[in-house]
Amino acid sequence: MDCLQTSWISSLGQYVELFERKLAHISGTAHGIAVSNGTVALHLAHHCMGLQPGDEVLVPTFTYIASVNTIRQTGATPVFVDCREGDWLIDVNDARSKVTPRTKGIVAVHLYGAICDMPAILDLAREHNLYVIEDCAEALGATLAGRPAGCFGDIGTFSFFGNKTVTTGEGGMVVTQSDDLAVHMRITKGQGQDPTRRYWHDRMGFNYRMTNIAAAIGCAQLERIKATLDRKAKIAERYRSSLVGTGVEFQLPSSDVVSSNWLVSLLLPDGICRDTVMERLKRSGIDSRPAFHCVHKMPMYEHGKSASEDFPVAENVSRRGLSLPSFPSMTDEMIDWTCEALADALASWEKSGGR
């Protein structure tokens, strides 16, 4: 309300800087730079790391499309990598096999609230002089060995879309430990304008600024982030305990990872038609989401050199994956109702012989 009443509603105002400081603190980094959404955060990161046409970036094929599109936006080539069983995150051994002299970076996508094997990723990056971008859109509040998502790579990126743990409606953030990168990204996201000389632009830039009103919403959201994360953890645990014996397999983060539990996601038993299960849930008034489609199968990427490669784990997770309602205000009764409906849908499929 203060933001509205003072009329500072555009990209200038105290709440942008306050939101940046708070998010940098939460992510264990020195700098936060607010942007208009999570996708432009990724593009800004690649651009400011100097990615060029002809370069290659390693990225999991099992991810949301923005993780890949933003590589292509720079003119560079995404090189798809399989994921691991268990946590469904990028397989570093597969990534290592795909490094070439043209490889410039690797994107560690922290899906559904879990965190990638960052020590192994950083070792690979040092070995081949690659930059590392952490896509933390789904992992705000997650930790690895006590350290928060976003603090491991050269740059971390966050999304504050309406379904995220913290939302500004639309919004994003890049975080970094590097003073030089922070200055570069801050100038570049503001049309490349010299901060000491108005209307003088000394580099290629973009209008990726967050509004002060969005940042004010973000600051208010951060005031209750602990309660939100605590509730999401309880929701995830109730789902896991209630669905024992149904044959579903939940995402299993590494033992040293504390997940943010962004979405409670699972694999249906092999052979069960996910679309049929989702339709039966829908008839019970329960929304659900399929797992992401593998990006190497998308029309604009399927003709690349990765099209003939094998991604068995990613394709299995993509085919069987399902996300259940996981919003913080969800009651225990709603969770129980969802679990009962899912168990009934699975049982009905078995009884019908797969019809």
Apply side chain to side chain donor-acceptor pair (under 3.5 Å) to [X] and list each qualifying residue two or more places apart in sequence or on a separate chain.
X: D123; value: R126
X: T74; value: none
X: S67; value: T63, D135
X: S241; value: none

Ignoring hydrogens and geometry, is there a side-chain-to-backbone donor-acceptor pair from [X] to [Y] under 3.5 Å?
X: E56; Y: R102; result: no
X: T61; Y: V295; result: yes
X: T338; Y: P325; result: no
X: K189; Y: A34; result: yes
X: H31; Y: T176; result: no
X: N212; Y: Y15; result: yes
X: Q251; Y: L111; result: yes
X: S27; Y: G150; result: no
X: Q177; Y: G28; result: yes
X: S254; Y: V257; result: no

Next item on the list: Output every pair passing ring pair (Phe, Tyr, Trp, His ring centres under 6.0 Å) with a member in residues 220-239, not counting sequence neighbours, ordered by first then second residue.
Entry: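 Every pair satisfying ring pair (Phe, Tyr, Trp, His ring centres under 6.0 Å) with a residue in residues 220-239: there are none.
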Item checked: Pairs touching residues 187-206 that satisfy ring pair (Phe, Tyr, Trp, His ring centres under 6.0 Å), sequence neighbours left out ->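 Those involving residues 187-206 are H43-F206, H47-F206, F206-Y208.
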With distance as the sole criterion, is a donor-acceptor pair present between the side chains of [X] and [Y] under 3.5 Å?
X: T228; Y: T165; value: no
X: Q14; Y: D2; value: yes
X: T196; Y: D194; value: yes
X: H46; Y: Q52; value: no
X: Y112; Y: N261; value: no
X: N69; Y: Y64; value: no
X: T168; Y: Q221; value: no
X: H110; Y: E134; value: yes

Checklist line | side-chain hydrogen bond (donor to acceptor under 3.5 Å, both in side chains) between H128 and R96, intermediate numbers included | finding: CA-CA 9 Å; H128 296 280; R96 178 173 282 103; 5.3 Å; no
Next item on the list: Step by step, work out the salt bridge (charged side-chain N to carboxylate O under 4.0 Å, His left out) result for K226 and D230.
Entry: CA-CA 6 Å; K226 184 180 184 302; D230 288 347; 2.9 Å; yes
Margin query: Applying ring pair (Phe, Tyr, Trp, His ring centres under 6.0 Å), can you list everything that pairs with F158, at least two apart in sequence or on another chain?
Written below: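 F158 satisfies ring pair (Phe, Tyr, Trp, His ring centres under 6.0 Å) with no other residue.
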Check: Sequence neighbours excluded, which residues qualify as ring pair (Phe, Tyr, Trp, His ring centres under 6.0 Å) partners of F152?
Finding: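 For F152 there are no ring pair (Phe, Tyr, Trp, His ring centres under 6.0 Å) partners, ignoring immediate neighbours.
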Check: Side-chain contact, heavy-atom cut-off 4.5 Å: V81 with V59?
Finding: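 Sidechains of V59 and V81: no contact.
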Check: Would you say C294 and S318 make side-chain contact, with heavy atoms under 4.5 Å?
Finding: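 They are in contact (side-chain heavy atoms under 4.5 Å apart), so the answer is yes.
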Notebook entry, point to check: Got a sec: does the CZ of R240 have more than 12 other heavy atoms crowding it under 6.0 Å?
Noted result: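 Count over threshold, so yes.
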Note to self: Please check if the number of heavy atoms outside R231 that lie under 6.0 Å from its CZ is greater than 12.
What the structure shows: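 Check passes, neighbour count above 12.
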Checklist line | Results of side chain to side chain contact (heavy atoms under 4.5 Å, CB included) for S326 - residues two or more places apart only | finding: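 Result, side chain to side chain contact (heavy atoms under 4.5 Å, CB included) vs S326: K232, L263, V264.
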Residues sharing [X]'s hydrophobic cluster, by side-chain heavy-atom contacts under 4.5 Å among ILVMFWY, directly or via others?
X: I217; value: none
X: I187; value: V183
X: V258; value: none

Checklist line | F160 ring center near F19 ring center (under 6.0 Å) | finding: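 Yes: the rings meet the under 6.0 Å criterion.
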Note to self: Please report whether the ring centroid of F62 lies less than 6.0 Å from that of F80.
What the structure shows: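 Between F80 and F62, the centre distance exceeds or equals 6.0 Å.
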Next item on the list: For side chain to side chain contact (heavy atoms under 4.5 Å, CB included), just list the numbers for S260 and L140, CA-CA rounded to whole Å, side-chain angles, deciding distance to a tenth of an Å, and then say yes or no.
Entry: CA-CA 6 Å; S260 67; L140 179 60; 6.0 Å; no
Item checked: Linked, directly or transitively: L51 and L181 (ILVMFWY side chains, under 4.5 Å) ->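 Per the 4.5 Å side-chain linkage, L51 and L181 are co-clustered.
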Note to self: Quick check: is L281 connected to M334 through a chain of hydrophobic side chains (ILVMFWY, heavy atoms under 4.5 Å apart)?
What the structure shows: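 Cluster IDs for M334 and L281 match.
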Check: Looking at D94, D117, D91, which one forms a salt bridge (charged side-chain N to carboxylate O under 4.0 Å, His left out) with R84?
Finding: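 When salt bridge (charged side-chain N to carboxylate O under 4.0 Å, His left out) is applied between R84 and each of D94, D117, D91, only D117 qualifies.
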